[in-house]
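Have a look at the structure below, then the notes.
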2 protein chains.
Amino acid sequence: MSRTPLHPTREQIELPMVLDCLSDPIRLAIVYQLAQQERVSSELCCGDFNGLAGKSNLAYHFAKLRECGVMQTRVAGTNRFMRLRREDLDARFPGLLDAVIKSAARDAERLQLLPEGEVVAAD
Amino acid sequence: MSRTPLHPTREQIELPMVLDCLSDPIRLAIVYQLAQQERVSSELCCGDFNGLAGKSNLAYHFAKLRECGVMQTRVAGTNRFMRLRREDLDARFPGLLDAVIKSAARDAERLQLLPEGEVVAAD
DNA sequence: CCAATAGTTCAATAAACGTTGAACATAGGG
DNA sequence: CCCTATGTTCAACGTTTATTGAACTATTGG
């Protein structure tokens, strides 16, 4: 349980897999929160998403996001820190991630993107 | 079988549904071919996609693309003509469709986007 | 060393999905 | 009016998916 898990190389990232990842509401919320976090260039760990679903369900979605190349996991002690693979995604699919995040942000309430009554500063 | 089928309004189009639509290789290929056709501002009918899958399978995917608001179907005689709902999609999710189409175009071979050995002129 | 914390893995379940072929509906041409 | 071409609908199927709780692993702090 200790080694950092496997991630696909940039070239192995496939468009349909990424779109499928982003099409799930829970995974979209995870990605959205990771994107918010990019602004302060820091990472989030599993526990930060506990509002979205149960632990084992989250682990399932994390694995999918990892396997599809959407995010990266770094192991540190008992924590896993994750971040978007922004560079790789932008290189493979220019403009895609931004379009998805922006579209999601517009529909944030409808999509229940934030766990509790969290508020995000406007751009 | 004669009336033009139901389509969601622009506002009813949901991001996760659209992403899910585009995440299926056959549907992505359909959308890709429709996007190519936009250049000559004309439509395609069901038969034009026969290279991608069997008829009933295609009908299934067409229905999904319609229900999710990705494309529109117009009935004319024994034919159904379809086109992308470009304006609606661009209004709801700016830049998304273009990013997907462009990314798909880059990986056209890998994704087997064109039925037979078809060739598309470069941009 | 023990207990608590942080996550993963596994097995089980129900629902959704993609694919198939057969039957059906409709319109148009001889 | 029939025959054909074009698509849709339906039932069946096997597969994949998301979700759950329980068991497990690993690390840290006392």
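Not measured: the values here are computed from a predicted model. Just so we're on the same page: letters track the sequence lines, and every chain starts at 1.
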Does the distance from a Lys or Arg side-chain N to an Asp or Glu carboxylate O, for [X] and [Y], drop under 4.0 Å?
X      : Y     : value
A/D107 : B/R92 : yes
A/R86  : A/E38 : yes
B/R80  : B/E43 : no

Closest listed nucleotide, where the reference is the side chain of [X] and the choices are [options]:
X     : options               : value
B/H61 : C/dG18, D/dA18, C/dG7 : C/dG18
A/A59 : D/dG7, D/dA18, C/dT9  : C/dT9
B/S56 : C/dA22, C/dG7, D/dG7  : C/dA22
B/C46 : C/dC17, D/dG7, D/dT19 : D/dG7

- Message: Please give me the minimum heavy-atom distance between B/I101 and B/A35, naming the atom from each residue.
- Response: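 Residues B/I101 and B/A35, closest heavy atoms: CD1-CB, 3.5 Å.
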- Item | Distance in Å, A/C68 SG paired with A/D20 CG, rounded so as to fall on 0.5 Å steps |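 Between A/C68 SG and A/D20 CG, I get 7.0 Å after rounding to 0.5 Å.
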- Give, for atom NZ of A/K55 and atom CZ of A/F49, the distance between the pair rounded to the nearest 0.5 Å.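 Result: 15.0 Å between the selected atoms.
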- Message: Counting only side-chain nitrogens and oxygens, does B/N79 get under 4.0 Å of the OP1 or OP2 atom of D/dA5?
- Response: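 No, no such contact exists.
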- Message: Check this one for me: any side-chain N or O of B/R80 less than 4.0 Å away from OP1 or OP2 of C/dA27?
- Response: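 For C/dA27, neither OP1 nor OP2 has a side-chain N or O of B/R80 closer than 4.0 Å.
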For nucleotides 28-30 of chain C, tabulate all protein N/O to nucleotide N/O atom pairs closer than 3.5 Å, reporting atom names and distance.
none

Distance in angstrom units between [X] [atom1] and [N] [atom2], rounded:
X     : N      : atom1 : atom2 : value
A/N57 : D/dT17 : CG    : P     : 14 Å
A/F49 : D/dT19 : CZ    : C1'   : 19 Å
A/L22 : D/dA18 : CG    : P     : 12 Å
B/K55 : D/dT4  : NZ    : C1'   : 11 Å
B/N50 : D/dT8  : CG    : P     : 11 Å
B/R27 : C/dA16 : CZ    : C1'   : 12 Å
A/K64 : D/dT19 : NZ    : C1'   : 13 Å
A/L6  : C/dT8  : CG    : P     : 14 Å

With heavy atoms under 4.0 Å as the rule, sort [X] into base, sugar-phosphate or nothing.
X     : answer
B/G54 : nothing
B/L58 : nothing
B/R74 : nothing

- Item | Main-chain N/O of A/T73 paired with A/H7 side-chain donor or acceptor, under 3.5 Å |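 Side chain of A/H7 to backbone of A/T73: a pair is present.
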